[in-house]
Amino acid sequence: MANNHNSTNPKVDLIYRKKRNAEEMKQQVVTFSMMIFLTIVAFIAVGYDGIGEWFKVPFILTLAVIQVIFQLYYFMHMKHKGHEASALFLFSGVFVAVLTVLAFMTIIWW
Amino acid sequence: MRKRLTKWRLLSLFTALTLVLAGCGEPFLSTLQPAGEVADMQYDLMVLSTLIMVVVIAVVTVIFIYVVVKFRRRKGEENNIPVQVEGNHKLEIIWTVIPILLLIILTVPVISATFKLGEVDAMADENRNPDEEIVVNVTANLYWWEFEYPDYGVVTSQELIVPTDEKVYFNLASKQNEVKHSFWIPSIGGKMDTNVEGNYATGENLNKMWLKFDSKRADQAGEYFYGKCAELCGPSHALMDFKVKAVSREEFDKWIADMQNTEPSATTDLAQQGEQLFEEKGCISCHAVTPKDERPSAARTAPSLANFGERSKIAGFMDHNEESLKNWLKDPEKYKPGNKMTNTYPKLNDQELDALTEYLMGLKVSNN
Amino acid sequence: MAHVEEKLTAENFPASPEKATLEGKNKFLGFWLFLGGETVLFASLFATFLALKDSAAGGPTTQEIFDLPLVFAATMLLLTSSLTSVYAMYHMKNFNFAKMQLWLIITVLLGLAFLILEIYEFTHYVHEYHFTITGSALGSSFYTLVGTHGLHVTFGLCWIVTLIVRNARRGLSLYNAPKYYTASLYWHFIDVVWVFIFTVVYLMGMVG
Amino acid sequence: MSTLTQKKGVGAVIWDYLTTVDHKKIAILYLITGGFFFLLGGLEALMIRIQLAIPNNDFVAAGTYNEILTMHGTTMIFLAAMPLLFALMNAVVPLQIGARDVAFPFLNSLGFWLFFFGGIFLNLSWFLGGAPDAGWTSYASLAIDSPGHGIDFYLLGLQVSGLGTLIAGINFLVTIINMRAPGMTYMRMPLFTWTTFVASALILFAFPALTVGLALLMLDRLFGTAFFKAALGGNTVIYEHLFWIFGHPEVYILILPAFGIFSEILPVFAKKRLFGYSSMVFATVLIGFLGFMVWAHHMFTTGLGPIANAIFAVATMAIAVPTGIKIFNWLFTIWGGSIKFTSPMLWSVAFIPSFVMGGVTGVMLAAAPADYQFHDTYFVVAHFHYVIVGGVVFAIFAGTTYWWPKMFGKMLNETLSKITFVLFFIGFHLTFFIQHFVGLWGMPRRVFTFLPNQGWEAANLVSSVGAFFMAVATIVLLINVIQTSIKGERVGNDPWGDGRTLEWAIPSPPPEYNFKQTPLVRGLDPLWVEKMAGNKEITPAEPLSDIHMPNGSILPFIISLGLFIASFGFLYREDYSWGLAVLILGFVITFGAMFFRSILDDHGYHIHKEDLLNDGKGGKA
Ligand code: HEA
Ligand code: HEA
Ligand code: CUA
Ligand SMILES: [Cu+2]
């Protein structure tokens, strides 16, 4: 049942796997640098007086969303397979979340 | 078994039907006997939607009865195995599309009515002529109603007086730091909540609506319409009634003039005694007796009694006579549990009750 | 379910240890679903904050009190701790228990630092500006949102510490690998929430 | 209830149930507790109807009435209807998908005990200074104004039991996703499993909103925050939104499993497969989805403005379409069938017209401008009792009688069941039909009394009489249950004779491991497929081998008990000096037990192949 016999020669398999894991770890570090970068940009954008609010808010929100996608797909491995159900339920949650936030920003009071 | 079932069903349907045919409720309080433009609009929607629903129910019931009768398992059929039908696309499309069409028929008037009923921009219009379109500020308190006519500087309570055949606009709010209520005059139009966030001092967060009172049908309905609180607000929610008198524009103007110009005064000795008691016992600290209550909305902690003698009910629902007034003053808790007057004043003896009653019943603004 | 009695080695250790057993699979999925629910929970708190962000009731507003450098430092701490927990999972997949524990300890330390900053920040607001949870609707919604996140951090720390301590002697197995894995998922999720907190609460709060 | 009682001592049985992690026993726990709360809620309903039978009645005082009304709604929804559905889900869903157990047996038990203690806590309010009195919706301004601790009992009790519900929801989801037998693809799952799946998803996304709403209210009441205090900038409308973001999906959490139950029963007693299976699944998912976009139809009169009202009105009406698909699919399931009117079938066919009546009044309510008239009147009360009683309660009655033999190994007495049905059916329509009209005649809901001469007397009296029919019907059911458990006869695998799904392929009641060998599913209605292929038994998917079973545990009980104790601490923290100590004690118990759980390795145990072979047909281990 368990998928712990995916190769006939465990040694070869092991080397291959280690390599793959190391590669993925490299990606993770790149991801991390991107996230730090995005964060710094967001903080600078807010601190900088030259740009208007109409631009800042959607801009930093976009940065946040990109960063979260990084977290989800790389750090939380959603890009790997076997995450179909996870993704379905996470995005359903996001759907309800967006509706809620939208409603509270528009029709709580006018 | 089955026969008995249908018989029972018919019977209960029949009892229900006779009850319905017995009437559409009372004209002063039933949504089925609308007496104004708003209620008319809502009534029409109710009729339209009911018709659609009757069609739906009829279709379902016909199929249902046919199936249940036709396909019951008879003797000797125990081992029959019916054809295992998987589905039928044509049928499934039909019963998806037809409901959609029915709903479209319903949504169009629903949307248009929603926006029509939401037309309150005129309230903020600086050029609004109060002699054609008045505004009433409604404040819902535990468990009484206050109506302020900002155009005229008049405040009254428990009884709403409005001119017929013209748009009347309402601002709605609850007393600050109290609880939410809902303002409803069933035969004139639907309800709207009086939220605690509504603030007359700043003009923020007020709910707004309009109503129209039809003169002819108001006459037929009787002396007044019933108004109700339609949001659970505590023990006496059930008793938080108010009355609505819809009068012609002339009468209304006259009433306003009376309210603006007359200071009710105690005439008889007993009444003057009552007036004095009214001060000594501290009633005056809450109740206003002049129609022009200058205190800010938040300070008006009790119904204005300026025209108490002309009211048709006491505390919104008790008969307007000396006896029930005395009962009320003796023990308001017994009649309106949880009200805000209980225990705020010293006990009154019979003599004091007589005097207060005489005084209060004499508080009138109209000259005749 | 094959009842694995054979000794685990780097060779026979499965590629996805968190999903190698049925229990593991269930935990893995159940935890993701839980995160779906948490999303709605935090959304409700965010929504409440957004609805009340201008309700200072005469008290201090967010523009007046927020201290961006502090928030920036906190953000860096938490983001980095997310990376360190990725390292831990990396070593888990390579069946390197000691390194995994080490990276988790680093994660915990970073998380702890974040928490201390947050507590300092709160006391600072209260003492410096009299910005309290009872003073205004803004205060209530701010402290509740950020505080709920803080509680999650605290819970996450306790969880990871328990795992580290408890398994220190037993080593990695297919029984506890899913537990480590879900704990790290939880930690990332806390980070995800924080990304929105620093953006929506702090940065947008500065913008106005 | 079961024969176990005679075999073991009472103490051993109680301990067995306190520690059980077996989904079938947890189902029985849910059934008993939910049934008890149903009687309680029903008793409260009777008191409501007695008080309102005549004008100016003083059977109960105004304040007491509000407590009864609140507790009736809260008890029925949270402590009766939902747990009773959970009982059926627990009893049936793992069997229907061919699983040995649920995904998280431990959490399953924890979910039950949290619900149990939450419910008990809430009801203790009656004895500790008064029950909550702000309606089951507990709107913020009134709830904050309400004196005493009633509302606090509501908040904490629901918080605890809500946590249990959330856990149960996740458990069902993972069970259905991960534990299906080979061949049981999504599109072969029985509809009760499908509706359980969607309802659980709704629980997962709806309950957090309730958690937050209740938590904020609790903070306002017990810790002095200002979320809903207008003077400090708070806003009560937030609470209304949070409540209904949860509250509307909640009604679909109730009705979807009900739909599932009828979708099981109708094909069985019409001997015909479900008509339009895929569109039924599609409609279920669509209802669940749309259910999240309509909540503001409970707030049409709050003053959200015409744009919001129009949008939510249209979105709400859209739900009529998938529901209609279901109704017609059911009708065409029995069309051309060979209908046998057993008592579960009677409930099921009676449901169709009854529910449609309630559903269409829902669409009328969705017409926003008309709802300005309907809202908070007895028209709404009529609507939701038609859908809830005519839908959910009918389904619970149908499902319990239908699966009773599977759960307990004995058949309920058909004659008594039919008497219950007839009385309840009459009483139901008698009580609630007329309420549409009183509502239209201007009677608001939640009134403790009404004055004469408003035209409401006769209607209210009729309504009250109807309630007593339902009470008698319920008592007949109780008699039936008692009689059956004393002298009912044991039944075999498939007592109804026409079972189509997997649960009817194994003994009644099933052995603790359910399936000796995991079944191989070869189509929709697997048992029917095998029957048609001439097989007596279901085809196994694996050779007979050892079965892994989870250990029982008392920890779920203790964890829940801890929260129960902590709730008292929360409540009395400021009133008594011991409050804080109790609060801490409760948390220590809870977290201690949780810590203990995570420290202790629990690998379960195995039932060996040899023992399985020796196991007779009866299947008792
Ligand atoms: C099981 C519970 C349940 C269910 C299934 C429903 C189903 C529906 N409900 Fe109901 N509702 C409640 C429980 C439920 N409701 C409760 C408890 C309240 C009150 C809460 C409180 O305030 O205390 C309430 C209140 C309520 C309101 C608020 C009223 C108010 O307070 O002012 C509204 C308004 O839109 C509404 C609408 C609907 C609609 C449109 C449906 C639809 O899902 C119905 C769909 C079904 C059909 C329409 C019938 C079958 C369809 C056909 C045969 C096809 C053809 C039909 C047409 C073309 C119309 N409901
Ligand atoms: C699952 C949900 C559910 C169910 C099943 C019911 C069932 C019933 N309800 Fe319910 N009701 C609600 C949910 C439900 N209700 C909700 C949510 C509200 C709104 C609350 C609010 O406004 O906040 C409400 C409100 C409500 C009102 C409006 C009160 C008001 O607004 O003032 C009324 C009035 O008639 C009423 C009546 C009934 C009746 C007669 C039944 C009957 O069907 C009950 C039938 C059952 C019995 C009669 C049980 C019999 C019991 C015995 C025989 C006792 C035996 C005892 C022992 C052996 C110990 N209910
Ligand atoms: Cu005021 Cu109800
Ligand atoms: Cu709803």
Please list, chain by chain and in numerical order, all residues satisfying side chain to side chain contact (heavy atoms under 4.5 Å, CB included) with B:E92, sequence neighbours excluded. B:W95, D:F275, D:S279, D:N329

Run the side chain to side chain contact (heavy atoms under 4.5 Å, CB included) test against B:V54 and tell me which residues pass, sequence neighbours left out. B:T50

In terms of heavy-atom proximity below 4.5 Å to chain D, should [X] be classed as side chain, backbone, both, or neither?
| X | answer |
| --- | --- |
| B:K228 | side chain |
| B:E178 | backbone |
| B:Y226 | side chain |
| B:N88 | both |
| B:L142 | side chain |
| B:L102 | neither |
| B:V83 | backbone |
| B:L117 | side chain |

Checking heavy atoms, do the side chain of [X], its backbone, both or neither come under 4.5 Å from chain B?
| X | answer |
| --- | --- |
| D:L274 | backbone |
| D:M532 | side chain |
| D:W528 | side chain |
| D:A313 | side chain |
| D:A270 | backbone |
| D:T333 | neither |
| D:L451 | side chain |
| D:F374 | both |
| D:D133 | backbone |
| D:A134 | backbone |

Side chain B:S49, main chain B:M46, donor-acceptor under 3.5 Å: yes

Hey, would you say the D:W441 and D:Y378 ring centroids sit under 6.0 Å apart? no

D:F433 and D:H436: aromatic ring centres closer than 6.0 Å? yes

Angle between ring planes, B:Y66 versus B:F71, binned at 30° and 60°: parallel, tilted or perpendicular? perpendicular

How about B:K313: does its NZ atom have over 12 heavy atoms from other parts shown lying under 6.0 Å from it? yes

May I ask you to say whether B:K180 pairs ionically with D:E240, meaning some side-chain N is under 4.0 Å from a carboxylate O? yes

Name the option with the most non-hydrogen atom pairs under 4.5 Å to chain B; the candidates are D:G336, D:G359, D:S278. D:G336

Relative to chain B, which of D:E67, D:M357, D:K272 shows the most heavy atom pairs under 4.5 Å? D:K272

